[in-house]
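Taking it in order: structure first as structure tokens, then the write-up.
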Amino acid sequence: MIGCRHRLHLDAIHPGAMSGVSEDSGVKQRREAAAAHRESVRDTLVEAAPHRWLVIDPTLTAAQRAEATMGACESGVERIWGALLPQEPDTGRRGGCEILLRDDDRGGYIPIIVVNHKVTDPRQPDPADYHPVTSDLYQWNPRPDKHVRTRPQQRDQQRLAHLYRMLQRHGHASPALLGGAIGYHFDRILVHDLGPVLDDYDRRYADRVAVVRGELPTIPSKVPECRQCAWWTRTAPATAEPSATETVDNAVDALNGGCEKWLIAHRDISLVAPGSRADVLRRHGVETIDDLAGWTGDDPDDWQYEPFTEAVVTARAWATGAPLVRRVDRVQVKRADVEVDVDLESFQEHGAYLWGTLLDGVYRGFVTWDPLPTPDEGRSFAEFWTWLMGVRAEAKANGKTFAAYCYSRTAEDKWLYESARRFAGQPGVPTEKQIQHFVDGPQWVDMFQAVSEQFICPNGKGLKKIAPVAGFNWRDPEAGGEASMAWYRLAVGYEGEPDLTQRTRILEYNEDDVLATKTLRDWMTDRADAEVPSIADFARRTITT
């Protein structure tokens with residue numbers, strides 16, 4: 001419902017093209033983790049009150065599960081786990097729901113999904129115009145919750161709207177127009193008001209059905225989903241015929257090397273303005289990078305992103321092969337007498353098992369190899385924090401300045417706070433206030449922010465994209481966050497005996513990350529001004545020059 005329309009189109013017209021294609025390792029790991037999470041939730045809820053539950057046998061055929069679900073709804077079963085609703089041949093709808101909860105007050109059922117991502121974040125109670133509605137896990141009692149804030153998850157709302165429409169068709173939808181989601185922390189049910197969502201869902205569904213049926217044309221367009229999509233580089237079967245809505249040109253291109261090759265060959269605008277940016281530009285007749293590079297009119301009135309001049313410069317830089325463009329006359333990075341680089345490794349939402357550091361060219365990794373989740377994570381985190389604060393204190397005692405650096409602080413900040421919260425009271429573990437004082441202070445420096453503020457990056461701003469410009473390359477050709485998840489499973493022995501070679505691989509990958517951050521910082525200080533063209537250079541260029 002919220003994914004790539006072109007992927008949906010390709011899957012529909014080439015239904016067997018992905019047979020034999022290995023599943024992306026990151027996708028597989030998240031799918032397996034989600035299944036394990038759902039089983040844990042099921043066992044906990046059902047064991048607490050088995051007389052209130054009917055569990056649909058997952059080994060039954062789809063038709064049998066749908067029949068059992070409808071029978072349970074008609075019998076007024078209080079709580080149904082593993083519901084599968086009857087497929088709708090006319091609309092194409094199909095779907096299942098972890099929990100169907102009978103609405104005792106109004107009749108019908110409320111769909112509740114179980115997901116392996118966060119649906120809320122904790123917050124201190126304070127006056128506010130809006131508080132999300134949550135319910136207890138064991139007793140349905142929706143009410144405003146002052147202790148959490150919502151983490152927006154459009155996919156959850158669309159799935160709940162989908163399930164509501166299916167229940168509605170069979171007369172089993174609660175008139176309350178509510179749905180629920182149990183997230184990763186499994187501490188409450190986040191209650192969604194589906195009323196404002198249904199119209200948008202209906203429009204999206206009609207669009208997706210038209211795409212599947214070949215009634216609406218699609219073309220490749222770069223979106224975040226492309227990173228893990230097999231169609232990005234996959235060639236469709238040579239025997240496939242174009243659908244009624246495909247031009248011969250698009251059909252042939254789609255069969256000759258995947259979306260990436262098509263986008264590059266067509267110099268598609270989404271390569272430099274991905275996602276919704278490309279949608280806005282196409283409304284103004286900008287289809288290619290060359291179109292944007294040659295823009296001479298006023299800024300589009302519906303452009304709500306970075307300054308539009310920078311978008312034009314990004315197109316010109318891509319067209320001329322420049323990996324970076326300076327926004328500033330002189331590139332500056334905060335430096336200190338004592339500098340520590342920091343990079344963590346986490347596994348899904350289970351925890352942060354490794355805090356890697358670099359000081360004076362020496363790498364130190366604070367790690368636990370006990371499979372997450374484990375109390376030993378608190379020990380390794382405490383050792384990391386104690387060491388880091390010790391380096392800072394020693395610098396201060398010696399009259400030296402201190403700074404700690406990371407690249408894109410979102411993950412580090414998240415796990416600093418999470419670790420302080422989860423292991424509060426253990427020896428060496430800081431309080432949340434201590435974490436806040438550090439990360440909000442001038443000694444915690446985000447190199448990603450320094451890059452974003454001072455460079456335009458036509459090919460992306462990730463460390464793996466930027467550090468090679470500064471001359472750094474990773475030892476492992478497969479280095480990356482998704483790959484490290486697979487390495488970790490082997491390193492701790494989730495499926496068998498621990499593989500010690502994978503532990504070494506992870507430590508070297510983490511060491512390269514902190515080395516890359518330091519290399520980037522030194523390059524920005526010493527050479528970037530001379531090696532990177534300025535925005536003024538590209539503002540004067542035309543696409544032909």
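A perpendicular orientation is assigned to the rings of H37 and F186, their planes being inclined by more than 60° (bins at 30° and 60°). In this structure, Y353 and W369 have tilted ring planes: the angle between them lies in the 30° to 60° band. Y201 and H162 have perpendicular rings, their planes meeting at more than 60° on a 0 to 90° scale where under 30° would count as parallel.
The salt bridge (Lys or Arg N to Asp or Glu O under 4.0 Å) pairs that include a residue from residues 384-412 are R409-D413, where partners are two or more places apart or lie in different chains. For residues 310-339, there are no ring-ring contact (aromatic ring centres under 6.0 Å, His included) pairs, not counting sequence neighbours. The salt bridge (Lys or Arg N to Asp or Glu O under 4.0 Å) contacts involving residues 349-370 comprise E349-K414, where partners must be two or more places apart or lie in separate chains. Annotation: ring-ring contact (aromatic ring centres under 6.0 Å, His included) contacts involving residues 395-422, sequence neighbours excluded, comprise Y407-F448.
T431 places a side-chain N or O within 3.5 Å of a backbone atom of Q434 that can act as its donor or acceptor partner. With hydrogens and angles ignored, the 3.5 Å screen pairs no side-chain donor or acceptor of R282 with any backbone N or O of E287. Between the side chain of R379 and the backbone N or O of A382, no donor-acceptor pair lies under 3.5 Å. Looking only at distances, no side-chain donor or acceptor of E260 sits under 3.5 Å from a matching main-chain atom of W232. Using modelled atom types, one side-chain atom of D512 and one backbone atom of R475 make a donor-acceptor pair closer than 3.5 Å. Looking at R149, its side chain does come within 3.5 Å of a backbone N or O of P122 through a donor-acceptor pair. Checked by atom type and distance alone, the side chain of H266 pairs as donor or acceptor with a backbone atom of W262 at under 3.5 Å. Counting only distance, with no hydrogens or angles, the side chain of S40 and the backbone of A36 share no donor-acceptor pair below 3.5 Å.
The pair E339-K518 does not count as a salt bridge, with every side-chain nitrogen at least 4.0 angstrom from each carboxylate oxygen. No salt bridge links R327 with E453; every basic N to acidic carboxylate O contact stays at or beyond 4.0 Å. In summary, R521 and D341 engage in a salt bridge, as defined by a charged side-chain N under 4.0 Å from a carboxylate O. We find that R204 and D200 are joined by a salt bridge, their nearest charged nitrogen and carboxylate oxygen being less than 4.0 Å apart. The pair D279-R283 does not meet the salt-bridge criterion, since no charged nitrogen lies less than 4.0 angstrom from a carboxylate oxygen. Between K118 and E418 there is a salt bridge, since a side-chain N of the basic residue sits under 4.0 Å from a carboxylate O of the acidic one. A salt bridge between E482 and R227 is absent, with no side-chain N of the basic residue lying under 4.0 Å from a carboxylate O of the acidic one. With respect to the salt-bridge test (charged N to carboxylate O, under 4.0 angstrom), the residues D156 and R159 do not qualify.
Going from atom CD1 of I113 over to atom CG of L190 covers 9.5 Å, rounded to the nearest 0.5 Å. The CG atom of D11 lies 10.0 Å from the NE2 atom of H6; values are rounded to the nearest 0.5 Å. Atom CH2 in W231 sits 9.0 Å away from atom NE2 in H9 (nearest 0.5 Å). Atoms OG1 and NZ, from T134 and K146 in turn, are 12.5 Å apart once rounded to the nearest 0.5 Å.
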Yes or no on side chain to side chain donor-acceptor pair (under 3.5 Å) for T501 and D499, after CA distance, side-chain angles and deciding distance? CA-CA 5 Å; T501 65; D499 185 340; 2.5 Å; yes
Any chance you could lay out the side chain to side chain donor-acceptor pair (under 3.5 Å) test for Y488 and H350, step after step, and finish with the verdict? CA-CA 12 Å; Y488 176 76; H350 296 315; over 6 Å; no
Between S419 and E377, is a side-chain contact (heavy atoms from CB on, under 4.5 Å) present by the stated rule, with each step listed? CA-CA 8 Å; S419 301; E377 180 193 349; 4.2 Å; yes
Would T368 and F381 count as a side-chain contact (heavy atoms from CB on, under 4.5 Å) here? Give the steps. CA-CA 9 Å; T368 177; F381 171 67; over 6 Å; no
Please step through side-chain contact (heavy atoms from CB on, under 4.5 Å) for the pair V333 and M447, ending with a clear verdict. CA-CA 8 Å; V333 183; M447 289 299 298; 3.8 Å; yes
Apply side-chain contact (heavy atoms from CB on, under 4.5 Å) to the pair R505 and Q502, showing each step before the final yes or no. CA-CA 5 Å; R505 193 178 192 183; Q502 297 303 307; 3.5 Å; yes
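In terms of heavy-atom proximity, N510 sits nearest to G356 at OD1-CA, 3.0 Å. In terms of heavy atoms, V514 sits closest to V342 at CG1-C, 3.8 Å. Nearest heavy-atom pair, A467 versus A516, reported as atom, atom and distance to 0.1 Å: CB-CB, 4.0 Å. Closest non-hydrogen pair, P132 versus T150, comes out as CB-OG1, 3.2 Å. Closest of all the heavy-atom pairs between V445 and A403 is CG2-CB, 4.3 Å. Nearest heavy-atom pair, L10 versus C259, reported as atom, atom and distance to 0.1 Å: CD1-SG, 4.2 Å.
Here R188 pairs with D145 under the salt bridge (charged side-chain N to carboxylate O under 4.0 Å, His left out) rule; sequence neighbours left out. In this view, V312 and L292, W295, F308, R316 satisfy the side chain to side chain contact (heavy atoms under 4.5 Å, CB included) rule, not counting sequence neighbours. With sequence neighbours left out, K222 forms a side chain to side chain donor-acceptor pair (under 3.5 Å) with no residue at all. Applying the side chain to side chain donor-acceptor pair (under 3.5 Å) criterion to D291, with sequence neighbours excluded, gives T288. For R277, the salt bridge (charged side-chain N to carboxylate O under 4.0 Å, His left out) criterion is met by E306, not counting sequence neighbours. Residues passing the side chain to side chain donor-acceptor pair (under 3.5 Å) test with E495, sequence neighbours excluded: R489. By the side chain to side chain donor-acceptor pair (under 3.5 Å) test, N473 pairs with no residue at all, sequence neighbours left out.
In D298, the CG atom is not crowded: 12 or fewer heavy atoms of neighbouring residues, nucleotides or ligands sit closer than 6.0 Å. The local environment of CG in D302 is crowded, with over 12 non-hydrogen atoms from other residues, nucleotides or ligands closer than 6.0 Å. Heavy atoms of other residues, nucleotides or ligands lying less than 6.0 angstrom from NE2 of H185 number more than 12.
Here the two rings, on F423 and W385, have centers that are 6.0 Å apart or farther. Taking the six-membered ring for Trp, F366 and W355 have ring centres at least 6.0 Å apart. Taking the ring centroids of W474 and Y509, they lie at or beyond the 6.0 Å cut-off.
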Hey, can you pull the donor-acceptor pairs under 3.5 Å for the side chains in residues 454-466, sequence neighbours left out?
unit_1, atom_1, unit_2, atom_2, d
Q454, OE1, Q332, N, 2.7
Q454, NE2, Q332, O, 2.8
Q454, NE2, A450, O, 3.1
K464, NZ, D513, OD1, 3.4

